[in-house]
Amino acid sequence: MSSKPLQRLDRVVIRFAGDSGDGMQLTGDRFTSETAALGNDLSTLPNFPAEIRAPAGTLPGVSSFQLHFADHDVLTPGDRPDVLVAMNPAALKANLADLPRGSTIIVNTDEFSKRNLAKVGYAASPVEDGSLESWHVHEIALTSITVEALADFGLTRKEKERAKNMLALGLLSWMYSRPLEGTEAFLKAKFAKAPEILEANLTALRAGYNYGETTEDFAVRFEVAPATMPPGTYRTITGNAAMALGLVSASHRAGLPLVLGSYPITPASDILHTLSGMKRYGVTTLQAEDEIAAVGMALGASFGGALGITSTSGPGLALKAETIGLGVSTELPLVILDIQRGGPSTGLPTKTEQSDLLQAIHGRNGESPVAVIAPQSPSDCFDIAMEAVRIATTYRTPVIVLSDGYLANGSEPWRVPGVADLPDLEVEFATGPNDTDDKGEPVFHPFLRDPETLARPWAVPGTAGLEHRIGGIEKADVTGHISYDPDNHDKMTRLRQGKIDRIADTIPDLEVDDPSGEARVLVLGWGSTYGPIAAATRLVRATGLPIAQAQLRHLSPFPKNLGEVLRAYDRVIVPEMNLGQLALLLRGHFLVDVQSHTAVRGLPFPAADLAEVLHKSIAQTLEGVQ
Amino acid sequence: MSTGTDLGIPALGGTQGVPRLAEDTPRQTKKDFTSDQEVRWCPGCGDYAVLAAVQGFLPDLGLKRENIVFVSGIGCSSRFPYYLDTYGMHSIHGRAPAIATGLATSREDLSVWVITGDGDALSIGGNHLIHAMRRNVNLTILLFNNKIYGLTKGQYSPTSDVGSVTKSTPVGSVDHPFNPVSLALGAEASFVARTMDSDRAHLTTVLQAAAEHRGTALVEIYQNCPIFNDGAFQLLKDRDEKEARVLNLVHGEPVRAGNDHVVVRRADGALAVVAESEAEPGSVLVHDAGDEDPSLAFALSRLDDGSMTHIPMGIFRSVSRPTYDDQVRAQVDGARSSAGGPADDEDLAALLRGRDTWTVA
Ligand SMILES: Cc1ncc(C[n+]2csc(CCOP(=O)(O)OP(=O)(O)O)c2C)c(N)n1
Ligand code: SF4
Ligand SMILES: [Mg+2]
C-alpha cells in the first residue's frame, strides 16, 4: 500500500511521446493492458511517423501513444492530454500545443542537452527558461535513473538506457495505481530467451514504480474507479485484430475456408500478419506480388467455393479496381478490406482519413455497383467483418469494408461474444440443375437468380453436371452465355444494381439517438467518426441543447429509412475526414442540402471542436438562418 | 528470417489429387469436352488447331470433367474456355495466373489450366506470369504466341520482332522482344516447352507431359494469326525450310538440326550449331530436360537469334521441385493436425478470448 494520499479521478488522458526508437507504442500498449485489467473503459490513439526510424531526436521522428481511460464509458482517445510524458525535447515541442495549461508534463531531463535542444530549434531549455510555467512539470532524469538502477547488470550503457521506457511505465503505473503483474508477465514471455534483458526491464519497471513512491516530487497518487460495463468477459482489441477475428469467425460460421490474398501496406498489414498465424483455423494467406494479384487470388478462391478476402489501403484499392469489377460481373462473393489512410497517392501512410468513400462506391469502370460498409469503432470491426461476409455470400457480390488507420491501430475494451451467438452464415452451393431447356430437359443456368435476393447460384468446380463458364464479358440473362444484345445489357446492368439495392431489405434501419425528442439538428457521420461525434453530442447536450445523432455503417446501399431521417430535421450536419464525400452522396440521392463539415488532418476530430461546430449550427437553426 | 521446416512432400504427378473417372465408365470423347458455344475465331486461325488438340487430348487424362478448370485472360486466344465443356473463367487482361493461383491453392482436387496470349502473358500480365513460375504453382499455362495483339486488331506485342510494321508501328517497332522460353527459364519455371499449333502430334505429346508435371508448366505455342501476322512461323512449317531450322528436343538424345548439323558445347561452354562432320568427338549436346541447372536449357533457348535460323522445339526443362500450393496446404493441414483437427466452437471461443481477459460480473 502506498503511503501517499490517494485522489479519485473520473477520467484521465495520458500521452506518451518520444523518439521512434524509444518504445512509446509498447509503453502505451502495456499501460492500456494494465488499465483494461482494472476495468476502466478506454480508447487509444497511437500516432507514429511513416519512417521506421527517422533521424533521432527530430520532430519528424516523434512517436506518441495517447490513452483515455475513465470510470464511465469512453468514446474517444481524448482531445487534450492531462499528462504528457516527453522523453526528449522533440516530443515536448511536437505535443505542447495540445496540452491545456495546468496539465502535467513529465520530462526526461537527460535528453535536454544543448545538442538535442538545438535539433528542434530550442535556443534555451524550455524546462529552465520559464516557458513551461503554466504547466505542472516533473523534471526527472529518466535515463540516468534507469542506468543507475541497472548498475549491477552486465549490459552496455546503450542496453541499459533502452529500458527507460519501462521506468516511465513503472512511474505512471504508480501514479495511476495500475498493477504491474500484467506487464511483468508480458515481459517474461517476450524476453524468455534473454534472461538478462528481462531482468533489466523488470528492474527498471519496479524502479519507476518505487521512484513515484519515494520521491517527494509526487505528493499524491490517483485512482480511477472501474467503469460499469455490461457483464461478460472482456479483452482489449485493436480494429485490425478485431477485423481478423471477425473474418475467422465468419469463416467458421459459414463453414468455408478463408483465403486471404494480400500485399503489405500500412495500415492494413497487421491483418495479413494476424491471419497468417491462424492456419490452425483453416486460414490460408497468400502474400501476392502486388494488389492486383492479391485480389485475383481471392477471387479465384471464391470461384472455387472458399471465402476470398483481400486486405489493403487506398493505393491498393485503386489497383484492385478492375478485378473488383470482374467480381461484379461474375457475381462471386469477395470481401475487400480498405484500411484507409491519408491520400492522394502515397499521402500520409500512418495517418487516418476517410477519403476512399467515393472510390469504393464509384471507383470502377462501367456501372459496377458493390456493397460498401464501414465499422464505427475498433471492436465494431469484428461485427462489420461478419456483416461483410454475410452480404458477400448471400448476394454473391464484392463487398468493400472501409476501416481506417484510427480504428485499425486504436484499441478499446471488447466484450467477447459467445460463438453460438454469432450470426449463422451457412451458405448453399448449387448441386444440380435449376431450370429446364426448350425440350423440357433439366439444365443448369448459372445466371438464373434467386427471386428474393437476385443472387445467382454459386456453383463451384467439382460439381458434376454444372460445368459452366463465367467471365467479364456481358452475359445473357439466365444462361450466362456471351451476349452483346442491347436490351440484355440494359437488363443485366439494372439487375446487378437491383441486387445491390435489395441488400437494404436485410440491413437495419438507421437508428437516431435523440433522447429529448426535440432536436431540430441531426449530426450524421459514417464509420470511424462515431466516437468523436458521440462525444461532441454529449458536450452539446450537457449545455442543455437538443441534438440528434446517427451513424451510418451501411453506405451502399443506404438503410431504407435514411431519406426519411434526413427530411425529419431542419438541418443535417455531416462531419467527415475528407472534403465532403458522404455529403455529396446524400445530396445526390435525397436532394437534401446537408451541411458538410470536414477536416483532413490525419487525426480524428477533437470532440470539443466538433461540439463548437454543432453549437453554431444549432444556434443558426434556432435563428432561422439556413 | 528462418528457412522453415522441410515439409517432406513426395514427388507427385500433376493431376494427383484430382478425382478420376471410375475404371468401368465409358471413355470420354472429344465431344464430352466440346461446349455448345459457337467458336468465333477468324477462319484459318491457329487457335482452332490448338482447341481441337486440347479437346482431343483431355479425355486421355481420365479426369472427371467437372474437376478441370480453364482460366484465361483477355485476347483472341483467351476465348478458349468458352469452347470447352469444363468449368472456366474468362477473366481480365493479364491476371489469369493470379486468379488461377488462388483457385489451385485452395482446391487441390482441381486440374487448373491457364490460357493466355503473348500480350496477355508478357505485357500486362508479365508480373503475374513470372511470379506463378517462381512459386511453382501447380498450373499448366498455354501461352499462345502469335507475335501480335490479335483481339485489338494488330498492334505489335512484346514478342514481335524488332522492325515489325503494325498498326501502332507504321515505321517499324523498335523495342527488343522477349523470348518466352528464355523468360520462363530465367524465372526458374520447373517445366518449359515450346510447340506449334499445326503439329497436332507434337502438341499433344507436349501437353501430355505438361499435364503430368506437378508445378507450373509453361508451354509456348507458336500460333498463326492469318489476319494480322500471317506466316509468322511459316519458316518452321515449310517442308523445305523447317528441316534445318527446327531443333527437336528429345530428352536423352543428341540435339540435331536437320540431317547433317548438331548442337555442340564449345570449349568455352557456349552452344553452337555445327556440321556433324566437324563436331569434336564428345562435344555433341545430349539433351537433359531434367538438369537441375537451367543454364543449358537457357543456352538452347538463345540459339534463336530472332531470325528463326535455329528454333528448338519440345521440352526444354522438366524438373521436380516443391509446389507452392502443396506447401501452402501442408502448412495449413499441419497446423490443424498438430492442434488436433479442424477448429470447433470451443477452439474459436478460445481464439476470441485471447490471452488477456477480465470479467465483469
Ligand atoms: C486492361 C485492359 N487493357 C487493354 C485491353 C485491350 N486488349 C484486349 S486483348 C489485348 C491484347 C491481346 O493480345 P494477346 O494477349 O497477344 O492475345 P491475342 O488476341 O493475340 O490472342 C488488349 C491490348 C483490355 N481488354 N484490358
Ligand atoms: S485476329 Fe488473329 S488471332 Fe485473333 S481470331 Fe483472328 S486470326 Fe485468330
Ligand atoms: Mg497475341
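Reminder, nothing fancy here: chain letters follow the sequence lines and each chain counts from 1. Computed over heavy atoms, backbone and side chain alike; hydrogens, waters and symmetry mates excluded.
Within residues 275-283 of chain A, the residues having any heavy atom under 4.5 Å from a heavy atom of chain B are, by residue number, A:M278, A:K279, A:R280, A:Y281, A:G282, A:V283. The contact list for residues 183-190 of chain A toward chain B, using heavy atoms and a distance under 4.5 Å, is empty.
With a 4.5 Å cut-off on non-hydrogen atoms, B:R135 touches chain A through its side chain but not through its backbone. For B:F70, no part lies under 4.5 angstrom from a heavy atom of chain A. Within the 4.5 angstrom heavy-atom criterion, no atom of A:A298 approaches chain B. Using a 4.5 Å cut-off between heavy atoms, B:L84 touches chain A through its backbone atoms (N, CA, C, O) alone. Of the two parts of A:T228, neither the backbone nor the side chain holds a non-hydrogen atom closer than 4.5 Å to a non-hydrogen atom of chain B. Contact of B:S338 with chain A is not made at all, since no heavy-atom distance falls under 4.5 Å. Proximity to chain A (any heavy atom under 4.5 Å) is shown, for B:A100, by neither the backbone nor the side chain. Only the side chain of B:D36 comes within contact range of chain A, with at least one heavy atom under 4.5 Å from a heavy atom of that chain.
Distance check, rounded to the nearest 0.5 Å: CD of B:E38 to NE2 of A:H481 gives 12.0 Å. For the atom pair CZ (A:R235) and CG (B:D356), the distance works out to 8.5 Å, reported to the nearest 0.5 Å.
Residue with the most contacts toward chain B among A:T285, A:V248, A:D290: A:D290 (heavy-atom pairs, distance under 4.5 Å). In terms of non-hydrogen atom pairs under 4.5 Å with chain B, the most contact-rich of A:I292, A:V259, A:T284 is A:I292. Interface check for chain A: of the options B:T359, B:L351, B:V69, the most heavy-atom pairs under 4.5 Å are formed by B:L351.
The heavy-atom pair separating B:L110 from A:G462 by the smallest distance is CD2-N, 4.3 Å.
A donor-acceptor pair under 3.5 Å is formed between the side chain of B:R107 and the backbone N or O of A:G304.
With hydrogens and angles left out, the side-chain atoms of A:H252 and B:D345 include a donor and acceptor closer than 3.5 Å.
Contact annotation: the side chain of B:N67 never approaches that of A:P461 to less than 4.5 Å [non-hydrogen atoms, C-beta and beyond]. Counting heavy atoms from C-beta outward, A:L466 and B:E66 have side chains that stay 4.5 Å or more apart. In this structure, B:V360 and A:P230 have side chains that are not in contact, with every pair of non-hydrogen atoms separated by 4.5 Å or more.
Using the six-membered ring where Trp is involved, A:F303 and B:Y87 have ring planes that are perpendicular, over 60° apart on the 30 and 60° scheme.
Note on B:K64 versus A:E467: no salt bridge recorded, every NZ/NE/NH1/NH2 to OD/OE distance being 4.0 Å or above.
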